[in-house]
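Quick notes on the structure that follows.
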Amino acid sequence: MNFEYFMPTRILVGKNIIVNNYNEFKSFGKKAYIITGRNSSKINGSLDDVVKALEFANIEYVIFSEVEENPSLETIEKAAEIGKREKVDFIIGIGGGSPIDASKVIAIMIKNKELTKDTILQSGKLCALDVIAVPTTSGTGTETTQYAIVTDNKNKTKVNFGQEVFPKIAFLDETYTQHMNLKTTLNTAIDSLSHIVEGYLNVNANIITDALAEKSIKLWSECIEELISGEISCEIRQKLMIASTMAGIIIAQTGTSLPHGMGYPLTYFKNIPHGLANGCLYIEYLKVFKNRERVENIYKLLGLKSHSELENLLSKFTKLDIEISEEEIKIYTDAMWENKAKLKNHPENISYEELYNIYYRSLK
Ligand code: NAP
Ligand code: FE
């Protein structure tokens, strides 16, 4: 056995966890930069709690609330300019994966003042301001990963920004997810499931990530009934949040694999939300995976008996309504095939035809 495991994020879990722990913010500096999406954090209580905690701790703050879904480098650069001008000491990212990912890139850009949206993706290893994460979706696990996925409009794609910024603290309070609509709840839940599965069927999987995968997939399976019914209790919301954070810890070690690489053009060109973009490829992805013992173990942990039971389950969660041509499928397959970095975590040989067929059979 030969592997490395690294997870430096402190994870604090529970109701009112932010306000109860306002002292935690004091060691990060005198002025915080709060980064959010456009609306949800103002409604679900997360922004109020952060502001309250900062006021208790006597810390000044500035708020940037313009991060869009699949954050663009343009928005990130704009936020970084404000952060530099305001001389902020640390960053608090509140929201789904988009604002928290944006926070990580902004943290790098403020610390390295010469960087622009055109140079950030090509830069060597850089330091960042400290980032604290407050997830309000249960999907990306970004609160416990070093990654940030940004939209690069120049190259018409979504990419990982290439730096490593683990949040210093992740505050998990499932209350913020209580009123999330069912569509976003399902899309994000499918994202976390896909992180667990891609971490498990991965060239970098090890005994620790396997243990995390087996436990978190079990936790996720306990949520299936309520995800199907659409009536989701607070207890299940907490399980979804913890499973998602555990999934983040897994992919921080392993990286993701084929469905994530293949899903990005579906988000960029077809506007399909991230979790759904991966999830819609899963039935076909699991069919081509050759190590059946590993795949069967996933079914078992999910409480399913066979691939057809999985098909039945996923088809409830991943309904798609898009127009796509064979030409487009070929372009996406070519891009995936030529980008060896996107194939390297898949532990088996895969052919061009198999990749093409995953797209074709999933989307046509
Ligand atoms: P998101 O793009 O952050 O947000 C999706 C939508 O959900 C937005 O409209 C947002 O509203 C809303 N929302 C967020 N929290 C809510 C709540 N508690 N109640 C109601 N609505 C809420 O979605 P996401 O799926 O969490 O993040 C996706 C992004 O993360 C993608 O860019 C993906 O590539 C990336 N990702 C990153 C990692 C990583 O390790 N870094 C892993 C997987 C995916 P507002 O905009 O108003 O806030
Ligand atoms: Fe993801």
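Note that ligands are numbered from 1 as they come in the structure, with each ligand's atoms numbered from 1 the same way. Scope of the values below: all heavy atoms of this structure, side chains included, with no hydrogens, waters or symmetry mates. Keep in mind that what you see is a predicted model, and the values were worked out from it rather than measured. For the single chain, residues carry numbers from 1 onward in sequence order.
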*Measure the distances from the heavy atoms of Lys158 to every atom of ligand 1 and state whether one is below 4.0 angstrom.*
yes

*Does ligand 1 have any atom sitting under 4.0 Å from a heavy atom of Glu68?*
no

_Residue from Ile217, Leu219, Ile224 passing side-chain contact (heavy atoms from CB on, under 4.5 Å) with Ser221_ = Ile224

*Measure from atom 38 (C) of ligand 1 to every heavy atom in Thr140, Val159, Thr256 and give the option owning the shortest one.*
Thr140

_Looking only at N, O or S atoms, which one in His260 sits nearest to the Fe ion (ligand 2)?_
NE2

*Identify the residue among Asp49, Leu47, Val134, Ile34 that makes a side-chain contact (heavy atoms from CB on, under 4.5 Å) with Ser41.*
Leu47

_If I apply the N/O under 3.5 Å rule, does Asn39 come out as touching ligand 1?_
yes

*List every atom of ligand 1 that sits less than 4.0 Å from any heavy atom of Thr137, numbering the atoms from 1 in the order shown and giving each element.*
14 (C), 15 (N), 26 (O)

*Indicate, as side chain, backbone, both or neither, the part of Thr184 found under 4.0 angstrom from ligand 1 when only non-hydrogen atoms are considered.*
side chain

*asked:* Under 3.5 Å between any N/O of Ser98 and any N/O of ligand 1: does that happen in this structure?
replied: yes

_Donor-acceptor pair between Asp173 and Thr175 side chains, under 3.5 angstrom_ = yes

*Salt bridge between Lys270 and Glu323, side-chain N to carboxylate O under 4.0 Å?*
no

*asked:* Quick check: Thr145 and ligand 1, any N/O pair under 3.5 Å apart?
replied: yes

*SB check Glu55 Lys52 (cutoff 4.0 Å)*: no

*Residue part near ligand 1, for Met180, under 4.0 Å between non-hydrogen atoms*: both

*Measure the distances from the heavy atoms of Pro99 to every atom of ligand 1 and state whether one is below 4.0 angstrom.*
yes

*Considering distance alone, does some N or O of Thr136 sit under 3.5 Å from an N or O of ligand 1?*
yes

_Proximity of Tyr176 to ligand 1 by residue part, where a heavy atom lies under 4.0 Å_ = backbone

*What N, O or S atom of Asp191 is found closest to the Fe ion (ligand 2)?*
OD1

_Salt-bridge contact Lys290-Glu354 (side-chain N to carboxylate O under 4.0 Å)_ = yes

_With a 6.0 Å cut-off (strictly less than), is the heavy-atom count around OH of Tyr299, excluding the residue itself, greater than 12?_
yes

_Regarding ligand 1, does His260 bring an N or O atom to under 3.5 Å of one of the ligand's N or O atoms?_
no

_Regarding Glu284 and Lys287, does a basic nitrogen lie under 4.0 Å from an acidic carboxylate oxygen?_
yes

*Just heavy atoms, cut-off under 4.0 Å: does His195 contact ligand 1 by side chain, backbone, both, or neither?*
side chain

*With Val150 as reference, evaluate Asn160, Asp101, Val159 under the side-chain contact (heavy atoms from CB on, under 4.5 Å) test and give the passing residue.*
Val159

